[in-house]
Amino acid sequence: VREITVAIPGREHIYRVFVGAGLLAQAGTLLEVDRYSKVFVVTDEHMEKLALPKLQAALPEGHDYVAVPPGEAGKTIGTVERIWQAMRAAGCDRHSLVLILGGGVTGDMGAFAASTYMRGVAFAHLPTTLLAQVDSSIGGKTGVDFDGLKNLVGTFAQAVAVVSDTDLLATLPKRELRAGFGEMLKHGLISDADYFAQLTKKRPEDYTAAELELFIAKSVRIKAGVVEADETEGGRRKLMNFGHTVGHAIEALSWDTGHPLLHGEAVAIGLVVEADLSRRQGFITAADVACVQQAVELAGLPGAVPDLAMADIMTKMRGDKKDERGVIMFDLLAGIGRAVYGQVIDDAVVEEVLKRHMEAAGAR
Ligand SMILES: NC(=O)c1ccc[n+]([C@@H]2O[C@H](COP(=O)([O-])OP(=O)(O)OC[C@H]3O[C@@H](n4cnc5c(N)ncnc54)[C@H](O)[C@@H]3O)[C@@H](O)[C@H]2O)c1
Ligand SMILES: [Zn+2]
């Protein structure tokens with residue numbers, strides 16, 4: 001078992017992240033569930049079949065659970081209401097512990113429900129996707145999508161602990177495994193060139209379980225380091241947004257196209273476009289951009305912007321919460337392994353770079 005400690009500054013809040021094989025069966029002990037009045041599990045309908053029985057075997061009698069529909073489409077306040085209702089029906093009080101078993105969607109939503117129920121009850125993440133193990137379970141951002149915008153409504157709330165059982169990845173579909181690499185490549189690009197190089201040696205599905213475990217621990221350390229420096233995104237944490245200004249806009253727009261992108265896929269496209277924006281702003285070379293593009297391709301992730309209206313992409317980016325005073329802010333690369341935040345770029349330049357990366361541009 002690898003154990004990483006995350007310390008949240010000024011909050012006296014420290015939590016442990018456990019990464020390793022077979023940890024689900026030890027969850028009750030690792031999380032000291034006996035200290036709570038009630039254990040309540042939030043999961044999705046896939047994980048209800050694939051992982052919940054194993055977790056339940058490790059929990060005290062008298063626990064309850066709710067299973068929500070899987071997928072981004074259900075990441076809504078309506079689903080949160082169902083979680084609150086189930087918690088209420090189960091008799092959860094302020095001393096209950098909510099265990100969140102699932103990917104980033106369940107994680108963001110379950111943590112939001114827990115952080116608002118009775119003004120907040122303790123929760124722990126038991127992430128089941130690669131993306132959730134490397135990124136979304138760390139750092140305390142919770143939320144739901146609202147009015148066509150990603151994560152518009154949410155809270156900052158830290159888990160009491162995170163238990164990442166790497167055995168769970170065995171059932172993860174290949175497309176989901178690759179999506180996790182979108183965030184992992186981001187971690188390497190913004191802060192660790194060596195890690196980025198390790199991630200670009202093979203296709204995601206060709207790494208061994210042991211190699212993946214090392215990567216997960218590495219990514220957790222990188223994200224934890226950034227969060228420790230800045231919990232609520234005053235500055236440094238924004239580096240985690242690299243690829244996400246463009247990525248979130250494309251992800252949200254893809255919902256209405258009949259070909260919805262996974263979050264990690266949209267992020268991959270964002271990495272390529274925002275790397276090119278970094279070049280256009282004079283931060284990195286064309287060779288660096290090619291390097292990012294090749295990494296995304298090797299990971300089997302999309303690298304081109306789908307055929308969307310330019311005005312819609314610009315509007316979505318402006319509507320995203322990262323805007324300050326109506327200006328679109330970008331968090332860019334200053335090199336492979338280094339990032340800068342809060343960059344303002346002329347709309348005309350952004351459009352020019354986006355256009356260059358449109359799928360249709362290549363087809364023409
Ligand atoms: N809070 C944060 O800091 C943060 C960071 C990054 C991403 N996110 C959010 O995370 C979400 C994406 O998360 P995701 O990619 O994990 O998606 P997800 O939660 O939708 O999971 C993907 C799919 O895989 C299934 N699944 C999960 N684990 C499985 C397993 N072990 N075996 C088989 N199937 C499994 C799920 O049921 C689902 O159908 C987005 O909404 C994104 O905004 C949040
Ligand atoms: Zn992300």
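Just so you know, ligand 1 is whichever comes first in the structure, and atom 1 is the first atom listed for that ligand. No hydrogens, no waters, no symmetry mates; every other heavy atom, side chains included, goes into these values. The first residue of the sequence shown is numbered 1, and numbering continues consecutively from there.
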- Protein contact to atom 20 (O) of ligand 1 [nearest heavy atom, distance to 0.1 Å]: Val105 CG2, 3.3 Å
- Can you check whether Glu183 has an N/O within less than 3.5 Å of an N/O in ligand 1? no
- Message: Check this for me, if you would: do Glu205 and Arg178 make a salt bridge, where the nitrogen-to-carboxylate-oxygen distance has to be below 4.0 angstrom?
- Response: yes
- So does Glu183 pair up with Lys223, basic N to acidic O under 4.0 Å? no
- Task: May I ask you to list the atoms of ligand 1 that are less than 4.0 angstrom from any heavy atom of Thr171?
- Result: 30 (C), 31 (N), 32 (N), 33 (C)
- Task: Mark up the atoms of ligand 1 that fall under 4.0 Å of a heavy atom belonging to Asp108, in ascending order.
- Result: 1 (N), 2 (C), 8 (N), 9 (C), 44 (C)
Report, one line per pair, each donor and acceptor closer than 3.5 Å where one atom sits in a side chain of residues 17-24; sequence neighbours left out.
none

- Among all residues two or more places apart in sequence or in another chain, which pass the salt bridge (Lys or Arg N to Asp or Glu O under 4.0 Å) test with Glu352? Arg280, Arg356
- Is there a heavy atom in Met240 that sits closer than 4.0 Å to ligand 1? no
- Query: Is the shortest N/O to N/O distance between Thr128 and ligand 1 below 3.5 Å?
  - Reply: yes
- Indicate yes or no: does an N/O atom of Asp44 lie under 3.5 Å from an N/O atom of ligand 1? yes
- Query: Are Asp135 and ligand 1 in contact, using a heavy-atom cut-off of under 4.0 Å?
  - Reply: yes
- Task: Would you mind telling me which of Val227, Ile222, Asp331 makes a side-chain contact (heavy atoms from CB on, under 4.5 Å) with Met240?
- Result: Ile222
- Query: Which of the atoms in ligand 1, numbered in the order shown and given with their element, are less than 4.0 Å from a heavy-atom of Pro70?
  - Reply: 37 (O), 39 (O)
- Note on the structure: The atoms of ligand 1 lying under 4.0 Å from a heavy atom of Lys223, numbered in the order shown, are 3 (O)
- Task: Give the numbers and elements of all ligand 1 atoms closer than 4.0 Å to a heavy atom of Pro173.
- Result: 33 (C), 34 (N)
- Does a side-chain heavy-atom distance below 4.5 Å link Leu30 with Arg16? no
- Query: Is Gly104 in polar range of ligand 1, meaning some N or O pair under 3.5 Å apart?
  - Reply: yes
- Task: Heavy-atom distances under 4.0 Å are what count here, so tell me which part of Leu50 touches ligand 1: side chain, backbone, both or neither.
- Result: side chain
- When you look for heavy atoms under 4.0 Å from ligand 1, do you find them on the side chain of Lys150, its backbone, both, or neither? side chain
- Under 4.5 Å between any side-chain heavy atoms of Val349 and Gln281, yes or no? yes
- Query: For ligand 1, does His263 get within less than 4.0 Å through its side chain, its backbone, both, or neither, judged by non-hydrogen atoms?
  - Reply: side chain
- Note on the structure: Quick note on ligand 1: atoms under 4.0 Å from a heavy atom of Asn151 include exactly 43 (O)
- Closest approach of any protein heavy atom to atom 29 (C) of ligand 1, naming residue and atom: Met47 SD, 3.3 Å
- Note on the structure: Here the atoms of ligand 1 under 4.0 Å from any heavy atom belonging to Leu131 are 7 (C), 10 (O), 12 (C), 13 (O), 15 (O)
- So, Thr76 side chain and Ala73 main chain: donor-acceptor pair closer than 3.5 Å or not? no
- Query: Which atoms of ligand 1 sit under 4.0 Å from any heavy atom of Glu72?
  - Reply: 40 (C), 41 (O)
- Query: With the Zn ion (ligand 2) at the center, what angle do NE2 from His244 and OE2 from Glu183 span, rounded to 10 degrees?
  - Reply: 120°
- Query: So does Lys54 pair up with Asp165, basic N to acidic O under 4.0 Å?
  - Reply: no
- Query: Has Asp135 got an N/O/S atom less than 2.8 Å from the Zn ion (ligand 2)?
  - Reply: no
- Message: With a heavy-atom distance limit of 4.0 Å, tell me whether Leu172 approaches ligand 1 through its side chain, its backbone, both, or neither.
- Response: both
- Message: Are Phe181 and Tyr207, when compared by the centres of their aromatic rings, separated by less than 6.0 Å?
- Response: yes
- Query: Any side-chain heavy-atom pair from Ser96 and Tyr117 closer than 4.5 angstrom?
  - Reply: no
- Item | Validation row: Lys150, Trp255 side chains within 4.5 angstrom (heavy atoms) | yes
- Item | Candidate list Leu172, Thr106, Asp135, test side-chain contact (heavy atoms from CB on, under 4.5 Å), partner Thr129, passing option | Leu172
